[in-house]
Amino acid sequence: MSIRRTTVKAALESPSPCPEIRVMGWIRTRRDAKGFSFLELNDGSCLGNLQIIIDDTAEGADLVKSLGVGASVAVTGELVASPGKGQRYEVRAVAVSLLGAAEPETYPLQKKRHSDEFLRTIAHLRPRTNKYGAMLRIRSALAHGIHDYFAKEGFALVHTPVITGSDCEGAGEMFRVTTLGPEAAALSAAERVSQDFFGKEAMLTVSGQLSAEPLACALGRVYTFGPTFRAEHSDTSRHAAEFWMLEPEMAFADLEDNMDLAESLVTHLVRLVLAECAEDFGLFAKFVDPTLPATLENLLAQPFVRLPYAEAVDILTSCKKAFQYPVAFGSDLQSEHERYLAEEHFKRPVIVYDYPKDIKAFYMRQNDDGKTVGAMDVLVPGIGELVGGSAREERLDRLEARIAELGLPLEAYWWYLDTRRFGTVPHAGFGLGFERLVMLVTGVTNIRDVMAFPRTWRHLEF
RNA sequence: UCCCCGGUAGCUCAAUUGGCAGAGCGGGUGGCUGUUAACCACUAGGUUGGCGGUUCGAGUCCGUCCCGGGGAGCCA
């Protein structure tokens with residue numbers, strides 16, 4: 001009796017009409033006529049809706065007139081070529097049944113465009129909108145694309161810990177992980193640690209890199225792709241407290257290999273979205289950022305600029321642009337400087353490399369000039385830093401010296417240093433902020449709008 | 001955390017130098033039409049973010065707090 005459910009996507013892509021079909025979804029809009037009604041049904045399988053025509057004689061037709069936007073229904077009927085304009089197929093309903101009503105007076109989503117700010121207050125319902133559905137499908141395609149890419153390139157997927165006992169990941173403020181309750185407040189710090197779950201301080205990871213390195217120095221090429229946590233009080237459109245980061249790590253590789261990988265990966269993923277998410281991408285190109293197709297085509301049209309930090313400083317000091325912050329060798333590039341390079345000077349992605357050692361992490365490979373390290377950042381117009389990575393210092397004496405120089409506790413890095421002590425190899429890797437990638441390909445300018453349920457400074461709802 | 005902008009109907013916004021708080025969309029009711037952001041008519045809907053102050057009179061001016069947005073720092 002019951003027929004298997006067909007998705008809206010499958011129905012719209014059907015090679016031919018079908019005498020019997022069953023679809024389920026949410027009503028996007030209803031239009032009544034004398035003697036019959038039209039429903040636009042969406043089930044999230046694709047951006048498009050399936051038009052349902054319900055004659056007043058159909059089973060369940062009496063309830064249709066009471067259905068509002070947002071209600072969920074099951075429809076059985078015939079998939080036929082549509083005589084109307086705007087769609088190839090429609091479903092001529094034989095029977096309609098209500099799965100769940102949505103009271104029109106209180107259902108927050110309307111048939112019109114809502115502001116992103118409003119939709120953030122109803123994050124549990126916004127995936128039912130065209131824009132957020134499209135964003136989430138593109139996000140999913142990108143995640144799958146990442147795994148496909150690395151599988152083809154011979155990288156092993158490794159799962160690095162989310163809980164870390166090392167506070168030496170060195171990439172920002174960390175969240176503390178504890179099983180102790182408020183009653184522990186009376187204890188001394190040492191007592192708290194000894195009574196806590198691990199018997200030592202535990203944190204949420206800010207980077208899988210230190211775990212990925214030993215794995216790369218065993219499997220050759222690895223990558224991790226998972227959640228990352230930063231407890232910084234960053235309140236910007238580009239930062240979240242919990243975000244996803246992709247971190248490939250390659251043994252027997254140098255900085256140039258690293259840049260090659262980053263560029264190849266980013267261009268591959270942009271092509272993937274253009275080729276495989278055309279309908280969803282079209283929404284962003286039409287309603288979010290009309291310049292998006294040109295921006296991405298431009299990104300693909302020529303190789304990324306590769307620019308030593310010293311030359312970047314030269315460009316910035318000799319240009320006529322008045323910056324709020326001064327530019328000088330030895331100071332880090334400010335947002336305004338990065339934006340100038342990628343958005344105004346070169347107008348395409350720029351890989352800045354060989355940064356001064358004093359503004360970069362201890363593990364980056366020291367260059368022969370004694371001043372710089374083999375670091376690289378991929379700067380993208382509109383986004384800023386999309387990728388940050390480096391060649392890793394594989395020489396034990398150099399690495400130990402740098403750790404000591406920075407006053408870091410050498411003993412805490414014993415296992416990390418072992419990878420240099422025993423069979424060390426040149427290796428390199430980077431971190432790519434996944435949400436920033438989604439922003440790049442959708443033109444969405446706020447990180448809160450490329451995550452289903454964003455966690456940011458002072459915001460933990462849903 | 002700092003700087004700037006904002007908060008008016010369910011949503012998006014208007015309201016002149018301080019002088020009767022409005023529109024579109026959405027909702028409800030009725031009509032019309034193989035419709036498609038449907039259309040037409042009628043209708044309901046407000047503690048102008050909270051508290052305090054100035055004034056004959058405050059959406060409008062002042063103080064303060066809350067919330068939202070943009071930018072900065074930090075970073076992916």
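Letters A, B, ... mirror the listed sequences (proteins, then strands); counts begin at 1. What you are looking at is a predicted structure, and each value in this text was computed from that prediction instead of being measured.
A:Tyr107 comes within contact range of no nucleotide atom at all, as no heavy-atom separation falls under 4.0 Å. Using a 4.0 Å heavy-atom criterion, one finds that A:Ser82 contacts the bases of the nucleic acid, with or without backbone contacts as well. Residue A:Leu386 is classed as a sugar-phosphate contact, given heavy-atom separations below 4.0 Å to backbone atoms only. Among the heavy atoms of the strands, none lies under 4.0 Å from A:Ile52. Among the heavy atoms of the strands lying under 4.0 Å from A:Phe118 are primed sugar atoms or P, OP1, OP2 only; no base atom is included. Using a 4.0 Å heavy-atom cutoff across all strands shown, A:Glu242 reaches no nucleic acid atom at all.
Here B:C75 presents its P atom at 10 Å from CE of A:Met364, a figure rounded to the nearest Å. What separates CG of A:Asp116 from P of B:U12 is a distance of 11 Å, to the nearest Å. Summarising the geometry, the separation between NE2 on A:His337 and P on B:A72 is reported as 11 Å, rounded to the nearest angstrom. Rounded to a whole Å, the CZ atom of A:Arg28 is 18 Å from the C1' atom of B:A38. One can place NE2 of A:His233 at 15 Å from P of B:C75, the figure rounded to the nearest angstrom. The nearest whole Å value for the distance from the CD atom in A:Glu435 to the C1' atom in B:C75 is 14 Å. At whole-Å resolution of the value, NZ in A:Lys85 and P in B:A38 are 17 Å apart. Atom CZ of A:Phe36 is separated from atom C1' of B:G34 by 5 Å (rounded to the nearest Å).
Using a 4.0 Å cut-off between charged nitrogen and carboxylate oxygen, A:Arg448 and A:Asp235 count as a salt-bridge pair. One finds a salt bridge joining A:Arg402 and A:Glu405 here, because a Lys/Arg side-chain nitrogen approaches an Asp/Glu carboxylate oxygen to under 4.0 Å.
For residues 260-273 of chain A, every residue pair satisfying the side chain to side chain donor-acceptor pair (under 3.5 Å) rule, not counting sequence neighbours, is listed here: A:Tyr149-A:Ser264, A:Asp260-A:Arg306, A:Glu263-A:Arg306. Pairs engaging residues 113-124 of chain A under the salt bridge (Lys or Arg N to Asp or Glu O under 4.0 Å) rule: A:Asp116-A:Lys131, A:Arg120-A:Asp449 [sequence neighbours left out].
Here the side chain of A:Arg221 pairs a donor or acceptor atom with the backbone of A:Glu153 at under 3.5 angstrom. Side-chain N or O atoms of A:Tyr223 include none that pairs as donor or acceptor with a backbone N or O of A:Phe155 at under 3.5 Å. Counting only distance, with no hydrogens or angles, the side chain of A:His337 and the backbone of A:Phe323 share no donor-acceptor pair below 3.5 Å. For A:Arg30 (side chain) and A:Val69 (main-chain N/O), no donor-acceptor pair under 3.5 Å exists by modelled atom type. Looking only at distances, no side-chain donor or acceptor of A:Arg348 sits under 3.5 Å from a matching main-chain atom of A:Asn298.
For A:Ser234 against B:C75, no side-chain N or O and base N or O form a donor-acceptor pair under 3.5 Å. Remark: the A:Gln87 side chain and the B:U35 base include a donor-acceptor N/O pair separated by less than 3.5 Å. In this model, a side-chain donor or acceptor of A:His239 finds a partner on the base of B:C75 within 3.5 Å.
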Please list, one pair per line, the donor and acceptor atoms closer than 3.5 Å that link side chains of residues 277-287 of chain A to other protein atoms, with sequence neighbours excluded.
from	atom 1	to	atom 2	distance (Å)
A:Asp280	OD1	A:Arg137	NE	3.4
A:Asp280	OD1	A:Arg137	NH2	3.0
A:Asp280	OD2	A:Arg137	NE	3.0

Please list every donor-acceptor pair under 3.5 Å in which a side-chain atom of residues 51-58 of chain A meets a protein atom from a residue at least two apart or in another chain.
from	atom 1	to	atom 2	distance (Å)
A:Gln51	OE1	A:Arg31	NH2	3.2
A:Gln51	NE2	A:Glu90	OE1	3.0
A:Asp55	OD1	A:Thr57	N	3.1
A:Asp55	OD1	A:Thr57	OG1	2.8

Pair up each side-chain donor or acceptor in residues 241-249 of chain A with any protein partner under 3.5 Å, not counting sequence neighbours, and list the distances.
from	atom 1	to	atom 2	distance (Å)
A:Glu247	OE1	A:Gly208	N	2.7
A:Glu247	OE2	A:Ser207	OG	2.8
A:Glu247	OE2	A:Gly208	N	3.4
A:Glu249	OE1	A:Arg392	NE	3.4
A:Glu249	OE1	A:Arg392	NH2	2.9
A:Glu249	OE2	A:Arg392	NE	2.9

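When the P atom is used for both B:A72 and B:C39, the distance is 41 Å, rounded to whole Å. The same atom, C1', is picked in B:G49 and in B:G7; the two are 6 Å apart, to the nearest Å. If you take atom P in B:C11 and the same atom in B:U54, they sit 33 Å apart, rounded to whole Å. Comparing the P positions of B:U17 and B:C25 gives an interatomic distance of 29 Å, to the nearest angstrom. Using C1' as the reference atom, B:G52 and B:G46 are 22 Å apart when rounded to the nearest Å. Taking atom C1' on both nucleotides, B:U48 is separated from B:U43 by 23 Å, rounded to a whole Å.
Take A:Glu394 and apply the salt bridge (Lys or Arg N to Asp or Glu O under 4.0 Å) test, not counting sequence neighbours, and it matches A:Arg365. Partners of A:Asn367 by side-chain hydrogen bond (donor to acceptor under 3.5 Å, both in side chains), not counting sequence neighbours, listed by chain and number: A:Asp354, A:Thr372.
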Protein and nucleotides 48-50 of chain B: nitrogen or oxygen contacts under 3.5 angstrom:
none

Sort me out a list of protein N/O and nucleotides 68-71 of chain B N/O pairs below 3.5 Å, or just none if empty.
from	atom 1	to	atom 2	distance (Å)
B:G68	OP1	A:His459	ND1	3.3
B:G68	OP1	A:His459	NE2	3.3
B:G69	OP1	A:Arg120	NH1	2.6
B:G70	OP1	A:Asn446	ND2	3.1
B:G70	OP2	A:Asn446	ND2	3.3
B:G71	OP2	A:Ser237	OG	3.2

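Ring centroid separation for the pair A:Phe225 and A:Phe150 does not come in under the 6.0 Å cut-off. Remark: aromatic rings of A:Phe329 and A:Tyr309 are close, center separation under 6.0 Å.
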In B/S/- notation, 5' to 3', how is nucleotides 22-32 of chain B contacted by protein heavy atoms closer than 4.0 Å?
-> --BSSSS---S
How would nucleotides 39-45 of chain B be written as a contact map, 5' to 3', with B for base contact, S for sugar-phosphate-only contact and - for no contact, using protein heavy atoms under 4.0 Å?
-> -------
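Nearest-nucleotide positions on RNA chain B for A:Trp457 and A:Phe434 put A:Trp457 closer to the 5' end. RNA chain B is contacted by both A:Gln51 and A:Leu333; A:Gln51 maps to the nucleotide lying nearer its 5′ end (nearest heavy atom per residue).
Side chain of A:Glu232, nearest nucleotide from B:A38, B:U12, B:C74: B:C74.
The neighbour count for A:His144 NE2, taken as heavy atoms of other residues, nucleotides or ligands under 6.0 Å away, does not exceed 12.
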Take A:Tyr363 and A:Tyr416 through the test ring pair (Phe, Tyr, Trp, His ring centres under 6.0 Å) and record every step on the way to the result.
-> CA-CA 10 Å; A:Tyr363 51 73; A:Tyr416 185 72; 7.2 Å; no
Where does RNA chain B pair, written as one dot-bracket string 5' to 3', with Watson-Crick or G-U pairs under 3.5 Å, ( ) inside the strand, [ ] for crossing pairs and | for another strand?
-> (((((((..((((.....[..)))).(((((.......))))).....(((((..]....))))))))))))....
